[in-house]
Amino acid sequence: MDPQTYTPENSDEVIVWRAITGTYLFWLLGAMYIIAPVIAWILLLRMVKRRAVDKVMYPISKAQTTWIIAMAVMLLALVIGHLTHELGVAKLIKSSIGWAKGWALLAIFPLLGSLNIRPQLIYRACCIVCKHTLFLLPIFILAWAIGAPSTLYTSPLSIIGGPGPEFFSVSLYEIDPASGLPRWRLFTPWAPALGMVANLFFIFSIQEQSKHYKFYGILGSLSMVLISQSRLALVCYLLLASWFMFIRLHRSPWLYFIASPVLLLFGIFGIEVVEKIQLSIDAFKSARAGSTRVRQELANIAIERWSNEAVYWGHGIVERGPHLVEYMPIGSHHTWYGLLFVKGIFGAIALALPMLVSLLSLISNVFGSKLSATAVAILLQLFLYTFGENLEILAYLFWPGLIVIGIAHKARLNPQITSPNKPKCSKIILPHDMPAR
């Protein structure tokens with residue numbers, strides 16, 4: 001297929017395409033937090049219906065099954081935590097709905113990768129969002145320059161319920177209270193989340209075949225990283241760039257010619273290098289000393305209460321922290337501490353296990369398949385962000401990456417299904433997509 005002419009070719013691709021390319025429209029409507037769960041459950045029900053009624057067989061790998069079982073354990077931990085701490089039926093129902101809009105997406109979207117959805121279509125759609133961002137960025141900067149209101153309005157859709165009003169508000173910019181400088185979060189709830197999405201778009205931009213869209217994708221994703229002013233986003237961006245450079249040059253002798261003297265010098269001057277790295281890390285943390293302190297205190301409180309009060313199944317719900325942490329929820333800003341506090345050791349294992357299974361399933365093929373290398377990059381990014389964000393809260397933003405992970409697992413079962421190296425086999429004709437005769 002001509003890389004300039006990617007268009008949806010079936011109803012599943014149409015839904016995914018419009019959900020991604022319509023990002024800024026959904027942002028204006030305050031519907032970003034709603035779209036991902038809605039399309040996830042709709043596509044899942046369609047998938048179940050086709051399997052039960054139309055007898056359509058979908059290739060589902062063991063790794064995808066592991067995600068489903070693990071997220072079911074998350075729901076079990078939620079129920080046990082609520083019952084153990086006698087939180088009541090109302091809170092149990094509310095938390096279960098939250099699970100359906102958060103943790104469940106980490107199982108559903110990889111499963112939806114077994115549908116007839118091409119990864120190249122997702123790459124192109126995300127590059128288009130980057131293009132829209134570049135076109136709109138002057139407006140966001142101008143809004144700050146002229147002193148326009150930072151938040152225009154909060155959508156009435158917030159009545160549906162969510163983690164907070166910022167998930168439904170239309171914000172042009174925000175001011176960092178520590179530095180007094182502007183930061184932009186665009187269609188995400190906070191600036192570091194924009195950096196997370198930007199890194200995902202960068203991964204997809206690297207895979208884009210069209211130079212035109214690749215340019216917009218890379219430039220747009222880099223711009224989002226910079227305006228988010230997220231330290232983690234910048235580090236992740238550099239690591240991802242290094243990952244793809246290594247994948248591209250792993251067979252080049254120049255890589256090893258350069259690496260050999262570098263490693264030799266590191267062995268000679270290792271102590272000095274380690275000291276310089278430590279100084280850089282300290283400077284990195286001091287760039288936002290207040291944020292670093294709050295994150296560390298949140299972690300300390302979460303670990304102490306988890307180990308003393310609810311080791312196995314957690315507390316069931318998040319709790320408001322003390323004044324020491326500026327009343328932020330205990331376990332926030334960190335997926336693992338949050339899991340231990342809310343869902344206990346079983347919840348932490350329920351996330352670690354499927355991530356490890358997916359990584360081991362795909363890592364052996366990263367040099368032979370661009371799709372596997374891309375999926376591993378997404379997994380590495382998600383793992384890195386577990387130390388700075390709560391994944392379940394932001395699943396509605398990085399869901400395209402979860403679908404690509406699912407597609408990569410499907411391709412491992414049958415490399416002819418979606419391998420980007422085999423364009424003639426880029427589309428499967430399933431019974432529900434066959435034209436009427």
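Residue numbers run from 1 in the order of the sequence given. Side chains are part of it too, since the values below use all heavy atoms of this structure and drop only hydrogens, waters and symmetry mates.
Atom OG of Ser205 sits about 11.5 Å away from atom CG of Leu240, to the nearest 0.5 Å. The distance from the OG1 atom of Thr151 to the CZ atom of Arg185 is 5.5 Å, given to the nearest 0.5 Å. One distance of note links CG of Leu339 with CG of Asn390; it measures 8.0 Å at 0.5 Å rounding. Note that CG of Leu382 and CG of Leu402 are 6.5 Å apart. Values are rounded to the nearest 0.5 Å. In this structure, CG on Leu391 lies 6.5 Å from CE on Met355, to the nearest 0.5 angstrom. Atoms OG and CG, on Ser361 and Leu359 in that order, are 9.5 Å from each other to the nearest 0.5 Å.
Between Tyr396 and Tyr33, the ring planes are perpendicular. Angles over 60° get that label, and only those under 30° would be called parallel. Using a 30° and 60° split on the angle between ring planes, His212 and Tyr216 fall in the perpendicular class, above 60°.
Considering only residues two or more places apart in sequence or on other chains, Trp190 meets the side-chain hydrogen bond (donor to acceptor under 3.5 Å, both in side chains) condition with Glu389. Among residues two or more places apart in sequence or in another chain, the side-chain hydrogen bond (donor to acceptor under 3.5 Å, both in side chains) test is passed with Tyr24 by Thr133.
In this structure, Phe140 and Tyr173 have side chains that are not in contact, with every pair of non-hydrogen atoms separated by 4.5 Å or more.
Counting heavy-atom neighbours within 6.0 Å of Lys94 NZ, excluding the residue itself, gives a total of 12 or less.
The shortest heavy-atom contact between Pro182 and Ile175 is CA-CD1, 3.9 Å. Ser228 and Ala233 get closest at one heavy-atom pair: OG-CB, 4.3 Å.
Counting only residues at least two apart or on different chains, the ring-ring contact (aromatic ring centres under 6.0 Å, His included) pairs with a member in residues 99-119 are Phe109-Trp399.
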Between Leu115 and Met47, is the side chain to side chain contact (heavy atoms under 4.5 Å, CB included) condition met? List the steps. CA-CA 8 Å; Leu115 295 173; Met47 188 176 184; 3.9 Å; yes

